[in-house]
Every structure is written in C-alpha cells, then in structure tokens.
Amino acid sequence: MDSISLPPDQLNSVGVLVRREIEARLLIPLLQSLEEEFGREQVRQVLREVILKIARQQGIQIAQSAGSTLAHFAASLDAWQKCDAMQIEKLEQSERRFSFNVRRCRYAEMYAALGAPELGVLLSCNRDAALIEGFNPHIRLTRTQ
C-alpha cells in the first residue's frame with residue numbers, strides 16, 4: 001500500500017491550532033469511550049506516552065530541516081502562532097537563552113470550548129519539553145506557569 005505524507009511545510013499551512021482542533025474533535029470522544037472501557041488513568045498514561053513520542057520525533061524533524069540552535073527554535077515558533085493561536089512577548093533572545101511569556105493561548109481556549117479543558121495539558125502543553133528534547137537535547141525548557 002502506498003503512503004501519503006505531507007512535507008512539514010505543507011502540513012503547517014493550516015496552522016498547528018487548526019490541526020490540534022481536528023485531532024481533539026476525534027480524540028475527545030475516542031478517549032471518553034476508551035476510558036469507560038479500560039479506565040481513565042490507564043488510557044491517559046498510554047496517550048501521554050504516545051504524544052511525547054510524537055513530540056520528540058517532531059523536534060528531531062524540525063532540527064533536521066531548520067537547524068538546532070535556539071535561534072532556529074525561536075524561528076520555528078511561527079508555526080505555533082499561526083492564526084493568532086498564541087500571543088507571546090519575547091523577553092530575551094540570545095545565543096544561550098530564549099525567554100518569553102505567553103500572553104494568550106488559543107489552544108487552551110479551544111480545548112475549553114470543546115468541553116475538555118484538562119486535555120489541553122495532555123494533548124498540547126505536555127508536548128513542549130519532549131519536542132525540545134528531540135530538537136536539541138542540550139536545550140533545557142523551564143516553564144514557570
């Protein structure tokens with residue numbers, strides 16, 4: 001069977017926020033059914049592990065296509081901000097440090113609007129550290145909130 005895979009630049013043409021909403025609209029009812037059948041904690045643990053594995057691989061792909069410095073990572077944030085999905089305030093950007101505050105997160109708003117605000121952490125926020133680990137294992141993510 002032939003496989004169809006979009007290059008990352010085409011996949012990002014719809015924006016990450018739109019992709020996450022499409023994923024969530026499928027995953028939320030699927031998770032609810034699986035949790036009823038197998039238990040909430042067990043299903044969420046499996047999902048967490050799968051999401052982290054996907055995020056690490058995505059980080060590797062970003063580094064392979066764009067480079068693996070903090071400057072390259074900062075430039076890659078455009079994909080996550082597309083469609084005003086995330087508003088950030090850059091605090092510091094140097095060769096060794098990239099700091100910013102998230103002023104608005106439409107990802108969190110979207111999960112809340114779908115009636116599953118707790119899934120935002122599981123399906124989106126948890127990806128960040130694993131993505132950075134795949135992108136460059138020497139970069140450390142520190143999240144204060």
Among Thr69, Leu91, Leu77, find the residue that satisfies the side-chain contact (heavy atoms from CB on, under 4.5 Å) test when tested with Phe98.
Leu77
Measuring only between side-chain heavy atoms, which start at C-beta, is Leu114 closer than 4.5 Å to Leu119?
no
Carboxylate-amine/guanidinium contact Lys53 Glu133, below 4.0 Å
no
Check whether any side-chain N or O of Tyr111 sits under 3.5 Å from a backbone N or O of Val121 as a donor-acceptor pair, and report yes or no.
no
Say whether Asp84 and Gln81, considering side chains only, have a donor N or O and an acceptor N or O under 3.5 Å apart.
no
Please determine if Glu23 and Arg20 form a salt bridge, counting it only when a charged side-chain N lies under 4.0 Å from a carboxylate O.
yes
How many angstroms lie between atom CD1 of Ile132 and atom CZ of Arg127, to the nearest 0.5 angstrom?
14.0 Å
Contact check, side chains of Phe135 and Gln58, non-hydrogen atoms, under 4.5 Å
no
Here the gap from Leu17 atom CG to Cys105 atom SG, rounded to the nearest 0.5 Å, amounts to 8.5 Å
Please report the shortest heavy-atom distance between Ala130 and Leu52, naming the atom on each side.
CB-O, 3.6 Å
Where Ser124 and Tyr107 come nearest, the two heavy atoms and their spacing:
OG-CD2, 4.4 Å
Between Met110 and Ala24, the two heavy atoms sitting closest are SD-CB, 4.3 Å
Report yes or no: does Ser68 contribute a side-chain atom to a donor-acceptor pair with the main-chain N or O of Gln64 at less than 3.5 Å?
no
Begin with the C-alpha distance, continue with both residues' side-chain angles, and end with the deciding distance and a verdict on side chain to side chain contact (heavy atoms under 4.5 Å, CB included) for Arg143 and Cys125.
CA-CA 10 Å; Arg143 177 177 278 144; Cys125 298; 4.1 Å; yes
Would you indicate whether the side-chain heavy atoms of Glu95 and Leu70 approach each other to under 4.5 Å?
no
Ser76 OG to Ile62 CD1 distance, which is reported to the nearest 0.5 Å
5.0 Å
Just one of Glu49, Gln42, Glu41 clears the side chain to side chain donor-acceptor pair (under 3.5 Å) bar with Gln45, so which one?
Glu49
Distance (rounded to the nearest 0.5 Å) between Asn136 CG and Leu131 CG
11.5 Å
Give a yes or no on whether the backbone of Arg103 and the side-chain of Asn101 come within a donor-acceptor separation of less than 3.5 Å.
no
Common cluster, Val46/Leu30, ILVMFWY with side-chain heavy-atom separation under 4.5 Å
no
Point-to-point distance, once rounded to the nearest 0.5 Å, from CG of Leu122 to CG of Leu27
9.0 Å
Taking Gln93's backbone N and O only, do any of them form a donor-acceptor pair with Arg97's side chain (distance below 3.5 Å, no angle check)?
no
Can you hop from Leu141 to Ile54 via hydrophobic side chains spaced under 4.5 Å?
no
Mind checking whether Val16 and Ile60 sit in one hydrophobic cluster, side chains of I, L, V, M, F, W, Y counted as touching below 4.5 Å?
no
Whether Arg106 and Glu21 form a salt bridge (side-chain N of Lys/Arg under 4.0 Å from carboxylate O of Asp/Glu) is what I want to check.
no
Rounded to the nearest 0.5 Å, how far apart are CD1 of Ile51 and CZ of Arg56?
11.5 Å
